[in-house]
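Following: one structure in structure tokens, then a few remarks.
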2 protein chains.
Amino acid sequence: MSGPPILEGMARVLLVEDDPNVRNALILALKGRDHEVESAASGEEGLELLTRFAADVVVLDLMLPGIDGFEVCRRIRATTSTSIVMLSARGDDFDVVGGLEAGADDYVVKPVRPQVLEARIRAVLRRTESVASPVETYGTLRVDRASLTVSRNGRRIALPPMELRLLLHLSAIPGQVFSRQQLLESVWDHDYLGDSRLVDACVQRLRSKIEDVPAEPKYVQTVRGFGYRFGPV
Amino acid sequence: MSGPPILEGMARVLLVEDDPNVRNALILALKGRDHEVESAASGEEGLELLTRFAADVVVLDLMLPGIDGFEVCRRIRATTSTSIVMLSARGDDFDVVGGLEAGADDYVVKPVRPQVLEARIRAVLRRTESVASPVETYGTLRVDRASLTVSRNGRRIALPPMELRLLLHLSAIPGQVFSRQQLLESVWDHDYLGDSRLVDACVQRLRSKIEDVPAEPKYVQTVRGFGYRFGPV
DNA sequence: GAAGCTATTACAGGTTCATGACATGGCGTG
DNA sequence: CACGCCATGTCATGAACCTGTAATAGCTTC
């Protein structure tokens, strides 16, 4: 639908968000980073705009007046292949699996730091523009973001929700180091500050399933003193 | 929220402070250092301004008429990631932890010397903006700030946390001389005054790993009597 | 040559992370 | 409704690895 971006690294973004404060803040942030931005305050408006504005990516709030984000997502998917990044407020008890099944390419938890949102937008565009398929293969590991399945050496691996969310989040931006705090915020929706080793435990369980040699992790790497990163780097 | 600064080291500052004397003094001081400054006399006004002015950092007084600094801080955080430096009068028995939990990035006690405030602003911006441009190459040395990896001549170098933090900090502003005291504060979070030779030791260890000839350091240079500087000559 | 500053090295205490066990609670099933 | 399974969060343990400190040697400057 959208053609190549005007400039490398620059995207046409359609922002669908009803809260004017959040909307304006994100518009400013994205424009400040040289993206072209159009915005809508409701799902209807967003869908209408999309027929005229060739967006590369739609940033879609979940809680909208009228038809909600899920439905908007499905309708966009019904006609176009525009990438979709979902935006959910912390505590919405947002069902990630449901969101991604509705056709979203990624999701971000509010309040979101604009750098983070922009990083996810870039990552989504990188993925969709290079491969044109949401399936990615890293070594022996295959992650399918459409069907939410993971397999190693062709054999399907069943992952519990939290481990899947963690893997999807990390692998969305390979190489990027995420602190435990960041992961707690964006994967768990937690906002407590207590340094818990919760992330470690989940990483550990994930490794035991996806790594060939869990003791020498290839995919989910520890960055001592900082956090974790998805390899292979 | 804001995109890259107009010029290196220059920032868009939103100052929220009700006392006109303090406000004007700080405006003068910051403008004198080439920052772009907008100001507000109340929290409401500040929040409103922020939807139009793409600030890099908000300098926020704690005691404000109407909604107080903490609340303003939380509301800013709810929508943006603009850095926040809190300003509190001595004796306000300001709860640092509370402030930082509300989302502040740093705090400064009034009366504040403009140089100090400016230094904290710079420090805060360095921290948040170092995310933006991930990979930099200096001679044979490559520093990737996203994956937190360092390589020399293409070969990966493993660095322990403190050495990595030191390198990231120094290389963020090549050529800038940092005193040991500055480094202790910003890299180590220490605020003790005991001049320990801790920095020297860490520099030494870092050199042994990244320098081709550790005895003739090319990247981490000693500035006798002052401190250290990063620079591929 | 002396004083002051920095490099170099060694070492012990401390921190961080992996690992596995355990408790809790939700969810589906019988 | 009761049961059991599984996912998840918490905790204790141990090992590997840093890091701060101190002691000594080397270099610069006056």
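Convention: sequence-line order gives letters A, B, ...; per-chain numbering from 1.
The CG atom of L167(B) lies 9.0 Å from the CD1 atom of I157(B); values are rounded to the nearest 0.5 Å. Considering CD of Q176(A) and CG of L148(B), their distance stands at 8.0 Å, rounded to 0.5 Å.
In this structure, E216(B) atom CD and dC27(D) atom P are separated by 12 Å, rounded to whole Å. Regarding F226(B), its CZ atom lies at a distance of 15 Å from the C1' atom of dT28(D), rounded to whole Å. Whole-Å rounding puts the L164(B) CG to dC18(D) P distance at 12 Å.
Residues passing the salt bridge (charged side-chain N to carboxylate O under 4.0 Å, His left out) test with R229(B), sequence neighbours excluded: none. Residues passing the salt bridge (charged side-chain N to carboxylate O under 4.0 Å, His left out) test with D68(A): none are found, sequence neighbours excluded. Residues passing the salt bridge (charged side-chain N to carboxylate O under 4.0 Å, His left out) test with E185(B), sequence neighbours excluded: none.
One finds no salt bridge joining D105(A) and R120(A) here, because no Lys/Arg side-chain nitrogen approaches an Asp/Glu carboxylate oxygen to under 4.0 Å. Residues R145(A) and D106(A) are not paired through a salt bridge, judged by the lack of any N-O separation under 4.0 Å between the basic side chain and the carboxylate. Residues D61(A) and R23(A) are not paired through a salt bridge, judged by the lack of any N-O separation under 4.0 Å between the basic side chain and the carboxylate.
The span of DNA chain C lying next to chain A, judged by atoms under 4.0 Å from heavy atoms, is bounded 5' to 3' by dT15(C) to dT19(C).
No donor-acceptor distance shorter than 3.5 angstrom exists from the side chain of R156(B) to the backbone of T149(B), with no hydrogens or angles considered. Side chain of R77(A) to backbone of T82(A): a donor-acceptor contact under 3.5 angstrom is found.
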Please write out each protein N/O paired with an N/O of nucleotides 6-11 of chain D under 3.5 Å, distance rounded to 0.1 Å.
{"from": "dT8(D)", "atom 1": "OP1", "to": "M162(A)", "atom 2": "N", "distance (Å)": "2.8"}
{"from": "dG9(D)", "atom 1": "OP2", "to": "W188(A)", "atom 2": "NE1", "distance (Å)": "2.9"}
{"from": "dG9(D)", "atom 1": "N7", "to": "R205(A)", "atom 2": "NH2", "distance (Å)": "2.7"}
{"from": "dG9(D)", "atom 1": "O6", "to": "R205(A)", "atom 2": "NH1", "distance (Å)": "3.3"}

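Between the two ends of the helix from dG1(C)-dC30(D) to dG30(C)-dC1(D), each summarised by a five-pair axis, the helix axis turns through 30° (rounded to 10 degrees).
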